[in-house]
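Step one of this worksheet: look at the structure below.
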There are 4 protein chains.
Amino acid sequence: MTELDGSSTDKRSQILRAAARVFAAKGFHKAKVEEIALEAGVGKGTVYEYFSSKKELFREMFKSCSMFYLETFRRRLADEKSVKYKLRQIIVLHLEFIQRHSEIAMILLHEHAEIGEQLHQWMLEKQEEKIAFIKELIQQGIDDGELRNMDVDIAARVFFGAVVAVGGRLIIHGIKEVDVDYICDEIMGLFLEGIKK
Amino acid sequence: MTELDGSSTDKRSQILRAAARVFAAKGFHKAKVEEIALEAGVGKGTVYEYFSSKKELFREMFKSCSMFYLETFRRRLADEKSVKYKLRQIIVLHLEFIQRHSEIAMILLHEHAEIGEQLHQWMLEKQEEKIAFIKELIQQGIDDGELRNMDVDIAARVFFGAVVAVGGRLIIHGIKEVDVDYICDEIMGLFLEGIKK
Amino acid sequence: MTELDGSSTDKRSQILRAAARVFAAKGFHKAKVEEIALEAGVGKGTVYEYFSSKKELFREMFKSCSMFYLETFRRRLADEKSVKYKLRQIIVLHLEFIQRHSEIAMILLHEHAEIGEQLHQWMLEKQEEKIAFIKELIQQGIDDGELRNMDVDIAARVFFGAVVAVGGRLIIHGIKEVDVDYICDEIMGLFLEGIKK
Amino acid sequence: MTELDGSSTDKRSQILRAAARVFAAKGFHKAKVEEIALEAGVGKGTVYEYFSSKKELFREMFKSCSMFYLETFRRRLADEKSVKYKLRQIIVLHLEFIQRHSEIAMILLHEHAEIGEQLHQWMLEKQEEKIAFIKELIQQGIDDGELRNMDVDIAARVFFGAVVAVGGRLIIHGIKEVDVDYICDEIMGLFLEGIKK
DNA sequence: AATGAATGAGTATTCATTCAT
DNA sequence: AATGAATGAATACTCATTCAT
């Protein structure tokens, strides 16, 4: 899925990229189809040649964003070996992604409720996929003797929630320059060692 | 702030409660002022006697919900002594709150981005208050020797995010019957002991 | 049904009368809701308070027109006794109606196909009612020995078609001053005596 | 004019035939140029090579239909001698035409008002031509002593209207199997003998 | 204070038409 | 000559808000 990386020049991708920018900047309701068309450098009618409605445009843009996000993850986690390093890498990638693609991240963070059940379901499925992935990692860590025994479902959700929460802080506060390594070490420290003295 | 607990019968509270129900069920944009008025058993014009706009109604409803939530927290955390127990109690209260007030929780979960900067800021402030509160707790735990040394800001955010994430799962999945104690023990276990073997 | 006679001043009737004028002048598609509202002296939104769509407004206006037309007929045919005079009176009333209410007649003449099956069916039913009425008249004439034996269905349709055709000529040519008596005599002559020498 | 009889294979005729089918099935406004192009098996742009606009396409299609109708009439009335038989033949041809070409008949019946003054005028002219033709027939009948003296204008219109009305009934009711001879005899009986006992 | 009838600003969408290929 | 991707003018409809009662 390279539709959103800026290199594709076909109309559909142009529109998707413009949609990502405008929806991110204004949210679904305040974004106007006309503005997206303008931003994409095409006529208003052209948007409807490729997408049957504003809603579908949002849906497709949203899917593209999510796919792009997941794609990046999958690609860059392939090489890691130790579970701890993989978990750490998830945090690194998440924070880097947010720093580099704060527009898209904004959408993933904010527009969940906008579009109705279908897309919401799709998004939850994708989220559950991520959590399942983390669960597998943790389970693997337990099996390998790296991690102690625990409820992996809860652990995965806690880890995921924590990463999202810290990432959200970066988005919300518009922080661009953060010491990713330091934050990762701290988060990993918390998860590995706990907070008890 | 007892406006939302169902006991107050003045028009303003009636409208706020109706607004909470309708906004929760439909989201900001699909909720109609007329429907809220109907649900509250008042005329459409009456809504505007108490609130200058739909947006302000949402804001006020949102504030009431949040205040109610915080109020509950503060009241029930007053007695706790040990930091560990207080942190555990935060999880308990959050999960209980979600189970009992899933409507309101839905709003707090979903409608962040709906209303624009001002309310968003207010909400973030409230969230920062909660995080600050958790930060203080953790700091206090460190000072008392209960907890090890760490970056309390990150720790507080990780804790907060984790609690929200696990709570969100309950809302999203519509889970009504959960073993709160078990979940709390697991979460606390993770935070206290870490995941490392 | 006095909604269209110009005496009622409630908003619904105002809108119906304005709709009759504008639809008659421009046809369904070229008539703009905004223009009807303007003509009625109300706001655009008010039209939608009383009618759920432009289509429904047309339907209701159409029904009102038709009812008004039928009402007039029924009222003024009540006194007639002889079948011949009643048939003659139908022609008289039809021509008079067209002369006085050419706007409405224009609609009844032209907009049949505009609105889709439902209204079309309704209109055909009304037309069949009129034909059935004429059929009864002719049958009664036969029974009373006034008229010779014939296929009353065909006779009724031929009579109805003839009246409509001659009426249509008045509308289309915009003829205002016609010798109704002369035309009636001629038509009746044709029907009574035939054209054969 | 054989453009519509199905034998011509040039693009223009293909488009005209497709237009007749689609306009008949959907009416002017609901018929889409794209669908007509599709039905004709040509590209959308090609339609505009042969017709400058949708309106003109309708006009040309309409004219072709009417010409085809008139052509058929003229051809088949040439041999008749007696006025009575010619009038009877008009009815026969009209009913046969409707049975065989109900699509085209539908258009001639319903779409009068759709297109605006110019075509409307043209159609009225054609109609007046038909009426004039009938008028001449009747006048000739009077001159020849076949028919009694009467207002030939009114008589022609009454005859025309009656034929159209009975034909319309066939279209509207979708009647395919009718005893054309019986109906003609009845209509002619009415016109020749009248309805009086 | 309470009401709800009236309002009109604001927008997604359609589709006839154009024109580069 | 033939095409169909691209266009944007045109319009029905929604609903927050007002204000006379």
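Below, each value reflects all heavy atoms present in this structure, side chains not excepted, and no hydrogens, waters or symmetry copies. Proteins come first, then strands; the chains are lettered A, B, ... in the order of their sequence lines, and each starts at number 1.
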- salt bridge (charged side-chain N to carboxylate O under 4.0 Å, His left out) filter on D:Lys126, not counting sequence neighbours, yields D:Glu129
Are the side chains of [X] and [Y] in touch, meaning some heavy atoms are under 4.5 Å apart?
| X | Y | value |
| --- | --- | --- |
| D:Leu16 | D:Arg12 | yes |
| A:Phe23 | A:Lys54 | yes |
| C:Glu56 | C:Ser53 | yes |
| A:Glu60 | A:Ser64 | no |

- Note on the structure: When B:Tyr50 and C:Val47 are each assigned the nearest nucleotide of DNA chain E, the 5'-most assignment goes to B:Tyr50
- Task: Under 3.5 Å for both distances, Watson-Crick or G-U wobble, that's the pair rule; now give the dot-bracket for DNA chain F, with | marking pairs to another strand and [ ] for crossing ones.
- Result: .||||||||||||||||||||
Nearest-Å distance for atom pair [atom1]/[atom2], residues [X] and [N]:
| X | N | atom1 | atom2 | result |
| --- | --- | --- | --- | --- |
| A:Lys11 | F:dT7 | NZ | C1' | 11 Å |
| C:Ile36 | F:dT11 | CD1 | P | 13 Å |
| C:Phe58 | F:dA12 | CZ | P | 14 Å |
| A:Glu56 | E:dA12 | CD | P | 16 Å |
| C:Gln14 | E:dA5 | CD | P | 16 Å |
| C:Arg12 | E:dA6 | CZ | P | 13 Å |
| A:Glu35 | E:dA12 | CD | P | 11 Å |

- Item | Verdict with reasoning, C:Lys11 to C:Glu49, per salt bridge (Lys or Arg N to Asp or Glu O under 4.0 Å) | CA-CA 10 Å; C:Lys11 288 256 188 300; C:Glu49 289 289 319; over 6 Å; no
- Item | Nearest-0.5 Å distance that lies between atom NZ in A:Lys44 and atom CD1 in A:Ile36 | 12.5 Å
- Query: Just by protein heavy atoms under 4.0 Å, how would nucleotides 16-21 of chain E read 5' to 3' in B, S and -?
  - Reply: SBB---
- Item | Upstream residue (5' side of DNA chain F) when A:Val42 and D:Thr46 are each assigned their closest nucleotide | D:Thr46
- Query: Using the ring of each side chain (for Trp, its six-membered ring), is C:Phe28 parallel, tilted or perpendicular to C:Phe58, with breaks at 30° and 60°?
  - Reply: perpendicular
- Query: If every non-hydrogen atom of D:His29 is compared with every non-hydrogen atom of D:Lys32, which pair is closest and at what distance?
  - Reply: O-NZ, 3.1 Å
